[in-house]
J.: 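Could you have a look at this structure, given as structure tokens, before my questions?
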Number of protein chains: 2
Amino acid sequence: MTNGKVTARQKILAAAAEVSRDVGPAHLSLDAVAQRAGVSKGGLLYHFPNKAKLLEALVEYHLNLFDDALCEKDKELQGKPNSLLAAYLELFMVDLEQCQPPPSGILAAMAENPGLLAPVKRYNRTLLDRMKAGAQSESAALIIYLALEGIRSQRLFDVDVLTPDEQRKVLTSLGEIAAAKA
Amino acid sequence: MTNGKVTARQKILAAAAEVSRDVGPAHLSLDAVAQRAGVSKGGLLYHFPNKAKLLEALVEYHLNLFDDALCEKDKELQGKPNSLLAAYLELFMVDLEQCQPPPSGILAAMAENPGLLAPVKRYNRTLLDRMKAGAQSESAALIIYLALEGIRSQRLFDVDVLTPDEQRKVLTSLGEIAAAKA
DNA sequence: TTGACAATACCGTCCAGACGGTACAGTAAA
DNA sequence: TTTACTGTACCGTCTGGACGGTATTGTCAA
């Protein structure tokens, strides 16, 4: 799990996200995921005993991907005030340039059973709390959190409406709000 | 269409949204929708020749519900500067008190085929443009738009993380940003 | 005014295909 | 010998949607 080798498990999870993107979250089938991952269906079921468990793991997978990226950025900015908030903001700046695929597995999980998003809720709450803890102004932290959540959701749904230019402007404005002292 | 009578069509669309909430977006079946609407499956298929058309109409239905509510609030606040932006903000204040069900039909449409959200994208863009047109500061409009989008998406996914108190604070802060002059 | 026909708004049934999941025998590396 | 699979065969269920029928209402020529 902690070595550099790409495990079958990881391949399957990545494949599931791709299939969800390709055929629509509601049409994610175990057959298609196994095929995409280059694994037999029996092999898939060996790692994930049923679809619910696969989707559960898929949510965790995306959460970890995001958290890893955030923590890495946080370390880069260590020492600065509000490093987490700044890291979160920068994450979106980077994404703007080299746009990564959205965490489509989340959508598949939600489509199957909205209750599977409970870990997302927990993660988001702790993220918000950490942001609030580091910020001078509570409402600034709340606004930034929500605005970034807005960007994330638009990407997730692929209903991105802001131009890259607008997105840059918002991000810098939010940065100013973060830096401002009440 | 313009009379007060609740048509079978409308009953079916409302039923579809309810079913989506109840069984999960991916498990919205025509049978279940027909049953919930008090209509036979044949009757449903008469109004919507296939599932895709039903979901297409469902997206439009939710968009109209939202737009009607927004326009009504806008009229109430007519004359004031930034009336649209203020109306949008107030809509969330009202929703906070008497929480309405989320537009779950949108999720069903997205689960089936993300492309069905294209009208949402178009609507959002015009909404943003109207907000920008009425605002003194572009970045203020962008931030408010995104933050509200953040709230909407959290509700839609049922991963609402903010306490009612926090939500009130954000909404009033956003109101101040809207009112502030650069 | 009436009889013929057509459009509207459904109902109830049936079916092919897809999907989740099981079972099990085999295999190759560690 | 255990772990980690592959491959095949299969079952039961669900679902979209096609189809044929029906009741009601409207239209319009004779």
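Quick caveat: nothing in here was measured; it's all calculated off a predicted structure. A note on names: the letters A, B, ... follow the listed sequences, proteins ahead of strands, and every chain is numbered from 1.
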J.: Going by modelled atom types, is there a donor-acceptor pair between the base of dG21(C) and the side chain of K41(A) at under 3.5 Å?
T.: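 Such a pair is found, so the answer is yes.
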
J.: Quick one: R9(A) CZ to dT3(D) P, roughly how many Å, whole number?
T.: 17 Å

J.: Take the protein atom CZ of F48(B) and the nucleotide atom C1' of dA9(C), then report the distance between them rounded to whole Å.
T.: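 Distance, rounded to whole Å: 13 Å.
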
J.: With a 4.0 Å cut-off on N to O distance, would you call K75(A) and E72(A) a salt bridge?
T.: no

J.: Check the surroundings of atom NZ in K53(A): do more than 12 heavy atoms from other residues, nucleotides or ligands lie under 6.0 Å from it?
T.: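 Atom NZ in K53(A) is not packed in, count stays at 12 or less.
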
J.: Give a yes/no on whether any side-chain N or O of Y46(B) is located under 4.0 angstrom from OP1 or OP2 of dA9(C).
T.: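 Indeed, a polar side-chain atom of Y46(B) lies that close.
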
J.: Please pick, from dG17(D), dG21(C), dG12(C), the nucleotide with the shortest atom-to-atom distance to any side-chain atom of N50(A).
T.: dG21(C)

J.: Can we say E18(B) and R21(B) salt-bridge, meaning some charged N sits less than 4.0 Å from an Asp/Glu carboxylate O?
T.: no

J.: Please tell me which of the listed nucleotides, dG7(D), dC11(C), dG21(C), lies nearest to the side chain of S40(A)?
T.: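 The answer is dG7(D).
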
J.: Check each residue of residues 24-35 of chain A for a non-hydrogen atom within less than 4.0 Å of any atom in DNA chain C, then write out the ones that pass by number, or none.
T.: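 Heavy-atom contacts with DNA chain C come from L28(A), S29(A), L30(A).
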
J.: Evaluate H27(A) against E112(B) for side-chain contact (heavy atoms from CB on, under 4.5 Å), listing each step before the verdict.
T.: CA-CA 7 Å; H27(A) 298 299; E112(B) 184 74 15; 3.2 Å; yes

J.: Going through the checks in order, is the side-chain contact (heavy atoms from CB on, under 4.5 Å) test met by M110(A) and D158(B)?
T.: CA-CA 10 Å; M110(A) 186 269 295; D158(B) 192 27; over 6 Å; no

J.: Give me the atom names and distance for the closest heavy-atom approach of I177(B) to A140(B).
T.: CG2-CB, 3.7 Å

J.: Where the side chain of L45(A) is concerned, which of dC5(D), dT22(C), dC11(C) is the nearest nucleotide?
T.: dT22(C)

J.: Would you say H47(B) reaches dC10(C)'s phosphate, i.e. side-chain N/O to OP1/OP2 under 4.0 Å?
T.: yes

J.: Taking CG from L44(B) and C1' from dT13(C), how many angstroms apart are they, rounded to a whole number?
T.: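 The answer, rounded to whole Å, is 16 Å.
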
